[in-house]
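Predicted model, so just to flag it, every value in this text is computed and none were measured.
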Amino acid sequence: MKKIVAVALCFICIILCGMVECYAEDSYETYNEIMMVDGKLLRYFTEEEMKEYMTHVKKATFWGVNVYTVNQNVEVTYISSTLYNVENRGDTDVSYELDVVVDVSNKTSWSVSGSLSGTAKGSIKSFKTDLAAKAGVDYSSTTTTSRKETQKLKVTVEKGSRAIVYLMGSARVTNGVCACYICFINVASCGFEYFTLVNQYPRMEKRKL
C-alpha cells in the first residue's frame with residue numbers, strides 16, 4: 001500500500017514539475033490604459049471577491065480544472081504605449097516619416113495570480129487549453145505569437161507644438177478563478193485572465209507647447 005501511495009505522489013510531483021513554465025507572453029499588463037465596457041481586470045479583484053469566487057471551484061474533481069468565469073469576452077479598448085513624442089520649438093513646420101510596428105493578427109496572452117504563480121505555475125498545453133475552453137475562450141483560433149508589420153506614418157509638427165504617436169486598439173477579456181485537481185487533490189488554485197487582441201493601430205495627438 002505504501003508503495004502505491006509513494007508511486008502516486010511521485011507521479012503527481014512529476015506532473016507539477018512539468019507545469020513549471022513561463023505563464024505569460026508579451027504582457028498586456030504593461031499597457032498604459034485598458035478600458036473595459038463592463039467588469040474589471042484580474043488585478044483589480046479584491047481579496048473578498050476572490051474568496052467569494054473561489055467557493056464556486058471547491059468541489060473536488062478526480063482530474064481536471066474547475067472554472068468559474070467572472071467576465072467573459074468583455075470588449076475593451078486600450079492604449080498600449082507611446083511610440084514618439086516630438087517637439088517643434090522652431091519657427092517653421094517640420095515633417096517626419098516614422099516607422100510604426102503594429103500587431104496585425106489576433107493574439108491571446110494570459111496571466112494568473114495565486115498559488116498557480118507560486119510552486120506550480122502552469123502553462124502546459126493540457127492545462128491552458130482546458131482552462132480556456134471551460135472559460136469560453138476560443139484559444140485554438142488565436143495565436144500566442146502575433147504577426148507584426150511596419151507601417152509608414154507621415155507626421156507634420158507645426159511650430160510651437162508637440163506630436164504624440166501611440167498605439168491603441170480593441171481586445172476581449174475573459175477572467176475568473178480556477179482550481180486544478182489531480183486524484184481529487186487541489187494542486188493549484190488561482191485567478192486567471194485571457195486577453196485577446198483584436199486589432200491595433202497608431203494614433204496621433206497634437207498639443208501646443
Q.
I want to check something: taking the side chain as every heavy atom from C-beta on, are Val67 and Leu131 in contact at a cut-off of under 4.5 Å?
A. yes
Q: For residues Ile79 and Leu167, determine if any side-chain heavy atom of one lies less than 4.5 Å from a side-chain heavy atom of the other.
A: no
Q.
Under 4.0 Å between a side-chain nitrogen and a carboxylate oxygen: does that hold for Arg147 and Asp103?
A. no
Q: Check the pair Asn85 / Thr82 against side chain to side chain donor-acceptor pair (under 3.5 Å), numbers first and verdict last.
A: CA-CA 7 Å; Asn85 189 339; Thr82 299; over 6 Å; no
Q) Does Glu158 have any salt bridge (Lys or Arg N to Asp or Glu O under 4.0 Å) partners at least two apart in sequence or in another chain, and if so, which? A) Lys206
Q) Does the pair Leu197 and Tyr78 meet the rule for a side chain to side chain contact (heavy atoms under 4.5 Å, CB included), with working shown? A) CA-CA 10 Å; Leu197 183 148; Tyr78 65 88; 3.3 Å; yes
Q: Check the pair Lys152, Asp99 against side chain to side chain contact (heavy atoms under 4.5 Å, CB included), reporting the backbone distance first and the verdict last.
A: CA-CA 5 Å; Lys152 296 290 185 180; Asp99 290 333; 2.7 Å; yes
Q.
Less than 6.0 angstrom separating the ring centers of Phe45 and Tyr53, yes or no?
A. yes
Q) What's the shortest heavy-atom distance between Lys159 and Asp93, and which atoms? A) N-OD1, 3.1 Å
Q: Test Ser170 against Asn199 for side chain to side chain donor-acceptor pair (under 3.5 Å), laying out the working first.
A: CA-CA 6 Å; Ser170 61; Asn199 59 45; 3.1 Å; yes
Q: Please determine if Glu49 and Lys51 form a salt bridge, counting it only when a charged side-chain N lies under 4.0 Å from a carboxylate O.
A: no
Q: Could you tell me whether the side chain of Thr108 reaches within less than 4.5 Å of the side chain of Phe195, counting heavy atoms only?
A: no
Q: Taking all heavy atoms of Tyr166 and all of Ser81, pick out the closest pair and write down the distance.
A: CB-O, 3.1 Å
Q.
Which residues pass the side-chain contact (heavy atoms from CB on, under 4.5 Å) test with Thr77, not counting sequence neighbours?
A. Met35
Q.
Looking at every heavy atom in both Gly169 and Tyr201, which two are closest together, and how far apart are they?
A. CA-CE2, 3.8 Å
Q: Determine, stepwise, if the pair Thr61 / Asn66 fulfils side chain to side chain donor-acceptor pair (under 3.5 Å).
A: CA-CA 8 Å; Thr61 301; Asn66 290 343; 2.9 Å; yes
(Q) Does Val102 form a side chain to side chain contact (heavy atoms under 4.5 Å, CB included) with Gln151? I'd like the steps, not just the answer. (A) CA-CA 7 Å; Val102 300; Gln151 299 179 1; 3.3 Å; yes
**Q.** Flag side-chain contact, heavy atom, 4.5 Å: Met36 against Leu41
**A.** yes
Q. Going through the distances and angles, do Leu83 and Val100 end up as a side chain to side chain contact (heavy atoms under 4.5 Å, CB included)?
A. CA-CA 8 Å; Leu83 302 178; Val100 180; 3.4 Å; yes
Q. How close do Asn175 and Lys40 get, heavy atom to heavy atom, and via which atoms?
A. ND2-O, 3.0 Å
Q. If you look at every heavy atom in Val74 and Val37, which pair is closest and at what distance?
A. CG1-N, 4.1 Å
Q. Is any side-chain heavy atom of Leu209 less than 4.5 Å from a side-chain heavy atom of Arg89?
A. yes
Q. Looking at Ala163 and Val155, what are the two nearest heavy atoms and their distance?
A. CB-CG1, 3.9 Å
Q: Look at the rings of Tyr68 and His56 and say which category their plane angle falls in: under 30° parallel, 30 to 60° tilted, over 60° perpendicular.
A: parallel
